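Beneath this line is the structure, given in structure tokens, with notes to follow.
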Amino acid sequence: MLNHYIQKTDKVMDSIKADPVLSQWVDLTLKCPAPYTGSEDIKLIVLGQDPTIKNADKRKDIKKVLNLDSKKQLRTYINNICSALGMSLENVYATNLVKNFFLEPPAKNISLLRSFETIWSDVLNWELIHFPDVPIISFGEPVVQCIVQNGSQKVRDYWGYQGQAKPTKFSRIEPHQNKLGRRIYPFPHQPSAYRKPFYKNNLDSYLGYVLAQKHQI
């Protein structure tokens, strides 16, 4: 699968390089990071946004999606999620919505991210075909904004946000509500999960909700 993934991403990158409009947004010197694939049965797909970190000098060191081949904070965050769901990183397939590095992180440029999501959609759908019926957790609001077609595009709404009141009802993005046609549980990205009180205070509860759907995981 990895060899075919590389072939597919190289082909898309060649088309981006040949496009004078698209290429101006992309760091053409870097190859797309490889997806992370656990060594055991895949029970969970982790969907990130894109590999572009703020420190441009360190981008060349990113060889795996979400840096899951190194012991960084994001790996710890994902590992904790897996543990709460009764699995490990060896049960995870992690990939990005957009595979290429941008010259600047595009989180605040949703129209740009949406344009590139469309460009990479065939590759992502090809990846997902290999893991039928495996649920997805997504990281960050921009991913939700790109894939949700019918429903809220805010992560907090799926976590039952109602101002200062404690959430009483959690939900997920249903297959008919998103472009991928899969069950998706939206999570905040790692910094927000621990820095924003709403997510920090309700992370365990939302994980409990996801675990309650275990007959679908």
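This is a predicted model, so every value here is computed, not measured. Note: hydrogens, waters and symmetry copies are ignored here, and every other heavy atom, side chains too, is used.
No side-chain donor-acceptor contact under 3.5 Å links N125 to the backbone of D122. Side-chain atoms of T95 never come within 3.5 Å of backbone atoms of L47 as a donor-acceptor pair (strictly under, hydrogens ignored). Here the side chain of Q24 pairs a donor or acceptor atom with the backbone of V21 at under 3.5 angstrom. Counting only distance, with no hydrogens or angles, the side chain of S83 and the backbone of N79 share a donor-acceptor pair below 3.5 Å. Between the side chain of R114 and the main chain of Q145, a donor-acceptor pair closer than 3.5 Å is present. A donor-acceptor pair is defined here as one N or O able to donate and one able to accept, closer than 3.5 Å; such a pair exists between the side chain of N178 and the backbone of E174. Judged purely by atom type and a 3.5 angstrom limit, Y158 uses its side chain to pair as donor or acceptor with the backbone of S152.
The distance from the CD1 atom of I110 to the OG atom of S115 is 11.0 Å, given to the nearest 0.5 Å. How far SG of C146 is from CG of L180: 10.5 Å, rounded to the nearest 0.5 Å.
The side-chain heavy atoms of V134 and K43, taken from C-beta on, include no pair separated by under 4.5 Å. With a 4.5 Å cut-off on side-chain heavy atoms, M13 and N100 count as touching. When side chains are defined from C-beta on, D50 does not count as touching K99, because their heavy atoms never get closer than 4.5 Å. Put simply, the side chain of Q49 reaches to within 4.5 Å of the side chain of V143, judged on heavy atoms. At least one side-chain heavy atom of Y36 sits less than 4.5 Å from a side-chain heavy atom of V92. Here the side chains of H130 and I42 are not in contact, with every heavy-atom distance at 4.5 Å or above. Counting heavy atoms from C-beta outward, T76 and Q190 have side chains that stay 4.5 Å or more apart. The shortest side-chain heavy-atom distance between I184 and P135 does not fall under the 4.5 Å cut-off.
For D133 and R183, the salt-bridge test fails: no basic side-chain N is under 4.0 Å from an acidic carboxylate O. Classification of E141 and R156 as a salt-bridged pair fails, no side-chain N sitting under 4.0 Å from a carboxylate O. Remark: E127 does not engage K8 in a salt bridge, criterion side-chain N to carboxylate O under 4.0 Å.
Within 6.0 Å of atom CD in E90, more than 12 heavy atoms from other residues, nucleotides or ligands are found, so the atom counts as buried in its surroundings. Summarising the local packing, NZ of K179 is surrounded by more than 12 heavy atoms from other residues, nucleotides or ligands at distances under 6.0 Å. Heavy atoms of other residues, nucleotides or ligands lying less than 6.0 angstrom from CG of D41 number 12 at most. Crowding of K196 atom NZ: a count of heavy atoms from other residues, nucleotides or ligands under 6.0 Å not exceeding 12. Heavy atoms from other residues, nucleotides or ligands lying under 6.0 Å from CD of Q73 number 12 at most.
Aromatic rings from Y199 and Y206 are positioned such that their centres are separated by 6.0 Å or more. The six-membered or imidazole ring of W159 lies near that of F187, with a centre-to-centre distance under 6.0 Å. Residues F198 and Y161 place their aromatic rings such that the two centres sit under 6.0 Å apart.
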Pair Y93-V46, side-chain contact (heavy atoms from CB on, under 4.5 Å): steps then yes or no: CA-CA 6 Å; Y93 180 84; V46 176; over 6 Å; no

Verdict with supporting geometry, K31 and D10, side-chain contact (heavy atoms from CB on, under 4.5 Å): CA-CA 8 Å; K31 292 184 69 70; D10 283 350; 2.9 Å; yes

Audit row: W25, L112, side-chain contact (heavy atoms from CB on, under 4.5 Å) steps and yes/no: CA-CA 9 Å; W25 297 100; L112 176 66; 3.7 Å; yes

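Side-chain contact check for W120 and N96: no donor-acceptor pair (N or O, by modelled atom type) lies under 3.5 Å.
One hydrophobic cluster, built from ILVMFWY side chains closer than 4.5 Å, cannot hold both F139 and F101; they sit in different ones.
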